[in-house]
Structures are given as structure tokens and as C-alpha cells.
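Just follow the structure's listing: the first ligand is 1, and inside any ligand the first atom is 1.
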Amino acid sequence: MAAALQTNTRLNPINVVPGRSLTNPSRAPCRVRCAAASPGKKRFNIALLPGDGIGPEVISVAKNVLQQAGSLEGLEFNFQEMPVGGAALDLVGVPLPEESFAAAKQSDAILLGAIGGYKWDNNEKHLRPEMALFYLRRDLKVFANLRPATVLPQLVDASTLKREVAEGVDMMIVRELTGGIYFGEPRGIKTDENGEEVGFNTEFYAAHEIDRIARVAFETARKRRGKLCSVDKANVLDASILWRRRVTALASEYPDVELTHMYVDNAAMQLIRDPKQFDTIVTNNIFGDILSDEASMITGSIGMLPSASLGVSGPGLFEPIHGSAPDIAGQDKANPLATILSAAMLLKYGLGEEKAAKRIEDAVLDTLNKGFRTGDIYSPGNKLVGCKEMGEEVLKSVDSKVTATV
Ligand SMILES: NC(=O)C1=CN([C@@H]2O[C@H](COP(=O)(O)OP(=O)(O)OC[C@H]3O[C@@H](n4cnc5c(N)ncnc54)[C@H](O)[C@@H]3O)[C@@H](O)[C@H]2O)C=CC1
Ligand SMILES: CC(C)CC(=O)C(=O)O
Ligand SMILES: [Mg+2]
């Protein structure tokens, strides 16, 4: 249940609608499971997949914030924590155990930390932790990855760009998540006819895969500032030529959205030159992966950017855009705000609980207003805190908002 993408009655355009199911748009999230909740409470099952490196650190903090914000809005969560990635490899020898996938699939929403680490870097490909992420995305069919990148006024000085370039940036990157070169066949490493080793992957997109992500992007742009930039490499790649053709063909259905196209190399440059020109960006899997890491630094840190991965039905997958950061893992240095904000996206897009989501967003802003900063977003004059203390401060802010509004 509780996916965030919905078709209209013609089963045609896919809208980003918080907390609704494609197959039964009128159904409230979690109807069956809610029956067991305390009187006056709604109950949701949340799968927690902490993963590796800083994953468990940021998930433990975000879980507390999610629980508290939810409980203030009459929500009860039943958390089920399951191993994925390196943690699962160490426990049972596979990156995504069946039990972990089943728990995720049966949940109302999934909150994931991050996957991967030096320890498993030389594993054979099918035994690499990152495969868990790819299996989850593919088998949950969460093709639409929303990656908002907003420069908060409190963090303009943390941006690596000049104040006048960074200030006011507010964009949404809509990344296709279950196709393209990360999934395309054929791929592999083999020995060619000359006896030389060759490695190869395939950038592959079917028309329906392009159309469905383009519709999500048009709908997203329509609810924002009405500007959509489709990023491709149509001067070179056949898959991009088809991408551009399909996106262009859909534009007539969205006359209120201004569509432009940009080659990815130019887009990478324009993001640094003048990021405010972008409202909504739609792009393929690999370009979206790279451009969103780039966009994160405009906002101050990769530790700030959340994401929502959504399909037409089934639970959404919510995770920070960063990885497992093995260089700072176990040192209480990780910025948990990307994961906390992913929990807010879980409430909004996954469960349709916008009030609880707003509580979290407000609490994050309040905490930043009070000057608390992890090392990655620190600037002189602020208070340097670790991951745990940042989480505790956000929790206090969630609570204090309640006192203020009661
Ligand atoms: N979604 C996922 O689970 C992802 C997993 N990975 C995996 O993570 C591992 C490390 O990959 P990297 O390329 O180093 O990317 P990374 O995103 O883990 O780290 C890049 C840099 O950003 C810093 N950083 C990341 N998150 C931070 C946070 N919350 N607070 C403060 N600093 C933060 C790290 O310390 C590091 O210097 C690899 O095994 C990779 O495959 C990478 C990207 C996404
Ligand atoms: C394991 C990675 C390819 C995942 C990643 O970098 C991402 O999805 O942002
Ligand atoms: Mg990435």
C-alpha cells in the first residue's frame, strides 16, 4: 500500500500524490493494519534497513525522530529492523536475504540507511553489498526517485558556491531508478577474440520506461514553478535520442509546463554556474545519480539530501542520497539530517501524513536556527555537534513545537 504515484481514472498520467495507491487511489493507506491500532491511532509497519557504515548511526537517530513526530500526530509505528548489504553478507552470506526483502515488501514504507564498505569491495559482483540496493529498487519497482536539493537560508555559508549563486536554489531532480545502464543487458567482463579482457554495460531504455518517469516529472514541475529540464546525451547516445523524442512528445499534454533539454555535460557545468535556473530536472539513472551528488554540494553537504523512491503500488523506499561513508563510520561524525528528512518524505509521500512530515521539516529548520551543525555543514560561530547530539536536538525541536502549538 501507500505508494505515492497515482494514475488518473484513464490510467494515463501518473501524479505524485502523497499516500495513495495506483490500484486503488481512494484507499487510505494501511486500512487493514490500522484496525489493530490503539483507539484514535493509525498504525503503520515500517521496515528499517540500516545497512553499513554510517547507515546504522543515521537510522537510529531518524527512527526516534519519526516515532516522536508520528506519535504527536496520532500515528503508531511498528518498526521491523532487517539486515541488508554488508551486514547481511556477514550474517547470512547474501546481500539481500529473502526475509529482509519480504519485510520490506510487506511494510507500509521502508527507511534505508546506506550500503557498502571497504571490507566487501573485492567481493565478486553478485556478493557486493550494493547489489541489495539494486535488487530492492528493481523488485519493489520503485522507478521514480525524487531528490530535492534546496539551499536552506541557514546553510548558505556551508555551500561551496558563492552566496549569490547558492542563495535561493530550490530544485527537484527526478531520477529514473530501475532502468538504464545500471540494469541494462548485456553486461559483464569477458575475454575478446584477441585475448584481451573487456568490460561492458548497456544503456537501455524502453519507451514506456521513459514515458512513466517523464509523466512523474511533468506532474512534479506542474506543482512547482512549471519548468522542466530534461537532461540527456542525445548528441551521442541512442538511448538518449529516444529519451528526448519521448519526453518531447509528452509535452503537449502539459501546456502549463515549460520543457527544455540540456546535454548532461552542460548540465553539470550549469549546476555550478547558475543553479537557480533549474526548477525540476528529469534524467536517467546514471546521470541522476551523478548530478544529485553534485547538487548536494550546492546545498552545503551530501549529508543534507533526502530521497523518495516510488512506484505505482507497494511501499516506497526512503533513503539519504549519500553512501555508507566508511571514512567517518563509527565516529559519531555523520550528518543525520538527510535521513531525518527522508523520514519526512516517508511520512508525506509514503503514508500521506503531511502534518507529521511538516513537524520534522520544521524541527530540522529550528535546530539549524539554533546553530547546531555537524562537521560537514559547520561554519564559524555555530555549535559543532555529532550525529547523536544533532538527533537529540531535532527531537527537542519536535517536542517544543508541540508545546508551542498546544
Ligand atoms: N545508497 C547507498 O547505499 C549508497 C552506497 N554507496 C556506497 O557507499 C560506500 C562509500 O561510497 P562513497 O563514494 O565514499 O560515497 P559516500 O556518499 O558514502 O561518501 C562520500 C563523502 O561524503 C561524506 N559523507 C557522506 N555522507 C555523509 C553524511 N551523512 N555526513 C557527513 N559526511 C558524509 C563521506 O564521509 C565521504 O567523504 C561505497 O561502498 C559505495 O558503493 C554509495 C552511494 C550510495
Ligand atoms: C550503490 C550506488 C550506485 C547507489 C547510488 O550511488 C545512488 O543510488 O545514489
Ligand atoms: Mg549516488
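Electrostatic pairing of K276 and E167 does not count as a salt bridge here, judged by no charged N lying under 4.0 Å from a carboxylate O. Taking the charged nitrogens against the carboxylate oxygens, E76 and K42 have no contact shorter than 4.0 Å, which rules out a salt bridge. At a threshold of 4.0 Å, the pair R244-D232 counts as salt-bridged, since one of the basic side-chain nitrogens sits closer than that to a carboxylate oxygen. A salt bridge links R187 with E185: at least one charged nitrogen is closer than 4.0 Å to a carboxylate oxygen.
Considering only non-hydrogen protein atoms, atom 6 (O) of ligand 2 sits nearest to D289 OD1, 3.2 Å. Protein heavy atom nearest atom 24 (N) of ligand 1, with residue, atom name and distance: I302 CG2, 3.7 Å. For atom 2 (C) of ligand 1, the closest heavy atom belonging to the protein is L133 CD2, 3.4 Å. Nearest protein heavy-atom neighbour of atom 34 (C) of ligand 1: D327 OD1, 3.4 Å. Ranking the protein heavy atoms by distance from atom 3 (C) of ligand 2 puts F134 CZ, 3.6 Å first.
Which parts of ligand 1 touch A334 is read off a 4.0 Å heavy-atom cut-off, strictly below it: atoms 30 (N). Of all atoms in ligand 2, numbered sequentially from 1 with element shown, those under 4.0 Å from a heavy atom of E130 are 1 (C). Below 4.0 Å from some heavy atom of I54 lie the following atoms of ligand 1, by number and element: 26 (N), 27 (C), 28 (C), 29 (N). Annotation for ligand 1: atoms under 4.0 Å from non-hydrogen atoms of I115 are 2 (C), 3 (O), 5 (C), 6 (N), 7 (C), 8 (O). Counting the atoms of ligand 1 from 1 in the order shown, those under 4.0 Å from a heavy atom of A114 are 3 (O). Against a heavy-atom cut-off of under 4.0 Å, G303 is close to the following atoms of ligand 1: 28 (C), 29 (N).
The option with the heavy atom closest to atom 30 (N) of ligand 1, from among V84, N335, L49, is N335. Between G323, A325, A329, it is G323 that holds the heavy atom closest to atom 4 (C) of ligand 1. Compare I321, D289, D293, I328 by their heavy atoms: the one nearest to atom 33 (C) of ligand 1 is in I328.
Distances between N or O atoms of L112 and those of ligand 1 include no value under 3.5 Å. Of the polar atoms of E319, at least one N or O is found under 3.5 Å from an N or O of ligand 1, judged by distance alone. For a threshold of 3.5 Å applied to N or O pairs, the pair formed by R175 and ligand 2 contains at least one separation below that value. Between E130 and ligand 1, at least one pair of N/O atoms sits closer than 3.5 Å. Remark: ligand 1 and H322 share an N or O pair separated by less than 3.5 Å (distance only, no angle test). At under 3.5 Å, a nitrogen or oxygen of S324, whether backbone or side chain, sits near a nitrogen or oxygen of ligand 1.
The closest approach between any non-hydrogen atom of M131 and ligand 2 is not below 4.0 Å. Residue contacts with ligand 2: R137 is included, with a non-hydrogen atom under 4.0 Å away. Heavy atoms of R147 come nearer than 4.0 angstrom to ligand 2 in at least one pair.
A donor-acceptor pair shorter than 3.5 Å can be found between the side chains of T248 and H261. Side-chain contact of N145 with E176: a donor-acceptor pair under 3.5 Å is absent, judged by distance alone.
At least one test fails for R175 against the ring of F287: distance under 6.0 Å to the centre or angle within 45° of the axis. Cation-pi geometry between K190 and F200 is met: the NZ or CZ atom falls under 6.0 Å from the ring centre, inside 45° of the normal.
Using a 30° and 60° split on the angle between ring planes, F134 and Y182 fall in the perpendicular class, above 60°.
The atom of D289 nearest to the Mg ion (ligand 3) is OD1, with the search restricted to N, O or S atoms.
The Mg ion (ligand 3) has no N, O or S atom of D293 under 2.8 Å away, backbone or side chain.
Using a 4.5 Å heavy-atom threshold, the side chains of W120 and L89 count as touching.
Taking a distance limit of 4.0 Å, we find that atom 8 (O) of ligand 1 is approached by some protein heavy atom.
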TODO: Go through K383 and E389 one step at a time and tell me if the salt bridge (charged side-chain N to carboxylate O under 4.0 Å, His left out) criterion holds.
DONE: CA-CA 11 Å; K383 185 172 184 318; E389 196 177 343; 3.3 Å; yes
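Within the 3.5 Å criterion, the main-chain N or O of T150 finds no donor-acceptor partner in the side chain of D170.
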